[in-house]
Amino acid sequence: MAKLFDALEEQIVNGQSAVLLSIYKSTGSAPRGAGAHMLVTEAGRVFGTVGGGAVEYESELFAHRLLKEKKSVCEHYRLAPNDVRDLGMVCGGDVDISFIYVDADEKQWQEMAEGCRAMRICLAADRSERDP
């Protein structure tokens, strides 16, 4: 999780808005379960995975659309072949993914990035005091 926050902080500090994808529910034989994260910017995926294959491809395309629309939403993906609204994957599971738009210009996200940076500095100082 620390690496996810590092990647998110880096985007915010560099003025790059992003979409944070998180699987919050999965059923059946999904490639990744609840708690999997991915961070997408205009440049593409910069961190993590939500399962690879078609679900990741479709999710990344959708995240790019949300970046342009500056919106956050939740989406349901069926990963079963030959279903009406499926992705054609043979996994046979379902995943629900939240797409959180992170606006690098919003004060709340800038404060979060500053807090992450301060925490990392404190942790590093604490480690160096314990391990001279």
Side-chain angles (χ1 to χ4, degrees):
M1 191 64 96
K3 290 181 182 180
L4 170 64
F5 284 112
D6 288 347
L8 184 56
E9 174 201 356
E10 181 180 339
Q11 298 309 310
I12 295 167
V13 167
N14 290 326
Q16 297 296 311
S17 295
V19 175
L20 174 61
L21 291 71
S22 299
I23 296 178
Y24 63 90
K25 180 181 173 188
S26 66
T27 59
S29 184
R32 296 292 305 256
H37 304 286
M38 186 166 84
L39 189 63
V40 176
T41 67
E42 286 183 11
R45 180 172 58 96
V46 295
F47 179 85
T49 180
V50 290
V55 69
E56 189 150 308
Y57 175 75
E58 293 294 328
S59 295
E60 188 172 333
L61 288 178
F62 189 58
H64 281 283
R65 192 171 100 209
L66 294 173
L67 272 169
K68 291 176 184 159
E69 297 174 5
K70 300 182 177 190
K71 286 177 54 177
S72 299
V73 299
C74 293
E75 284 291 307
H76 177 79
Y77 293 93
R78 289 192 56 77
L79 310 178
N82 302 317
D83 202 354
V84 177
R85 289 197 66 218
D86 69 13
L87 292 178
M89 294 177 72
V90 295
C91 304
D94 295 346
V95 293
D96 292 319
I97 302 176
S98 65
F99 293 77
I100 308 297
Y101 174 69
V102 178
D103 187 339
D105 294 327
E106 282 190 18
K107 186 176 180 179
Q108 69 180 19
W109 291 111
Q110 293 169 351
E111 288 173 351
M112 189 275 306
E114 290 169 12
C116 287
R117 194 173 327 119
M119 186 176 293
R120 189 171 42 256
I121 291 167
C122 288
L123 289 173
D126 184 50
R127 279 191 213 113
S128 66
E129 286 177 11
R130 285 184 282 143
D131 303 322

**Student:** Going through the checks in order, is the side-chain contact (heavy atoms from CB on, under 4.5 Å) test met by Met112 and Leu8?
**Tutor:** CA-CA 10 Å; Met112 189 275 306; Leu8 184 56; 3.6 Å; yes
**Student:** Looking at every heavy atom in both Glu9 and Cys116, which two are closest together, and how far apart are they?
**Tutor:**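 Minimum heavy-atom separation between Glu9 and Cys116: OE1-CB, 4.1 Å.
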**Student:** Given the rule in the side-chain contact (heavy atoms from CB on, under 4.5 Å) test, do Leu66 and Val40 qualify, once you have shown the distances and angles that lead to the verdict?
**Tutor:** CA-CA 10 Å; Leu66 294 173; Val40 176; over 6 Å; no
**Student:** Do the ring planes of Phe62 and Phe99 sit parallel (below 30°), tilted (30 to 60°) or perpendicular (above 60°)?
**Tutor:**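 Phe62 and Phe99: perpendicular rings.
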**Student:** More than 12 heavy atoms of other residues, nucleotides or ligands under 6.0 Å from CD of Glu106: yes or no?
**Tutor:**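 More than 12 heavy atoms, drawn from other residues, nucleotides or ligands, come within 6.0 Å of this atom.
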**Student:** For a quick test of reading the model, state the closest non-hydrogen atom pair linking Thr41 to Gln11 and the distance between them.
**Tutor:**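 In this case the closest contact between Thr41 and Gln11 is CG2-OE1, 3.4 Å.
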**Student:** Got a second to check how far Lys70's NZ is from Asp105's CG, nearest 0.5 Å?
**Tutor:**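 Nearest 0.5 Å value for the NZ-CG distance: 7.0 Å.
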**Student:** Return the minimal non-hydrogen interatomic distance between Trp109 and Asp103, and the atom names on each side.
**Tutor:**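 Looking at all heavy atoms of both residues, the shortest contact is CD1-O, 3.5 Å.
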**Student:** Check whether any side-chain N or O of Ser22 sits under 3.5 Å from a backbone N or O of Tyr24 as a donor-acceptor pair, and report yes or no.
**Tutor:**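 Not confirmed, Ser22 side chain does not pair with Tyr24 backbone.
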**Student:** Is a side-chain donor or acceptor of Ser17 paired with a backbone partner of Ala104 at a separation under 3.5 angstrom?
**Tutor:**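 Pair found, side chain donor or acceptor close to backbone of Ala104.
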**Student:** Which heavy atom in Leu20 sits nearest to a heavy atom in His37, and how many Å separate them?
**Tutor:**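 Of all heavy-atom pairs spanning Leu20 and His37, the closest is CD1-CB, 4.5 Å.
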**Student:** Between Glu75 and Asp96 (side chain of the first, backbone of the second, donor and acceptor by atom type, cut-off under 3.5 Å), is there such a pair?
**Tutor:**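 No; judged by distance alone, with no hydrogens or angles, the pair does not exist.
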**Student:** Please say yes or no: joined through hydrophobic side-chain contacts below 4.5 Å, possibly via intermediate residues, are Val73 and Met38 part of one cluster?
**Tutor:**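 Result: yes, single cluster for both.
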**Student:** Please report the closest heavy-atom contact between Val50 and Ile23, naming both atoms and the distance.
**Tutor:**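 What the structure gives for the nearest pair is O-CD1, 3.6 Å.
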**Student:** Does Phe5 have more than 12 heavy atoms from other residues, nucleotides or ligands lying within 6.0 Å of its CZ?
**Tutor:**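 Counting neighbours around CZ of Phe5, 12 or fewer heavy atoms of other residues, nucleotides or ligands fall under 6.0 Å, so no.
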**Student:** Any chance you could measure Glu111, atom CD, to Glu114, atom CD, to the nearest 0.5 Å?
**Tutor:**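 Interatomic distance, Glu111 CD to Glu114 CD, rounded to 0.5 Å: 6.5 Å.
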**Student:** Do you know which two heavy atoms are closest between Arg45 and Glu60, and how far apart they sit?
**Tutor:**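 That closest heavy-atom pairing would be N-OE2, 3.4 Å.
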**Student:** Keeping Arg65 on the side-chain end and Lys68 on the backbone end, is there a donor-acceptor pair under 3.5 Å?
**Tutor:**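 Not at all, since once roles are kept as given, no pair shorter than 3.5 Å links the two residues.
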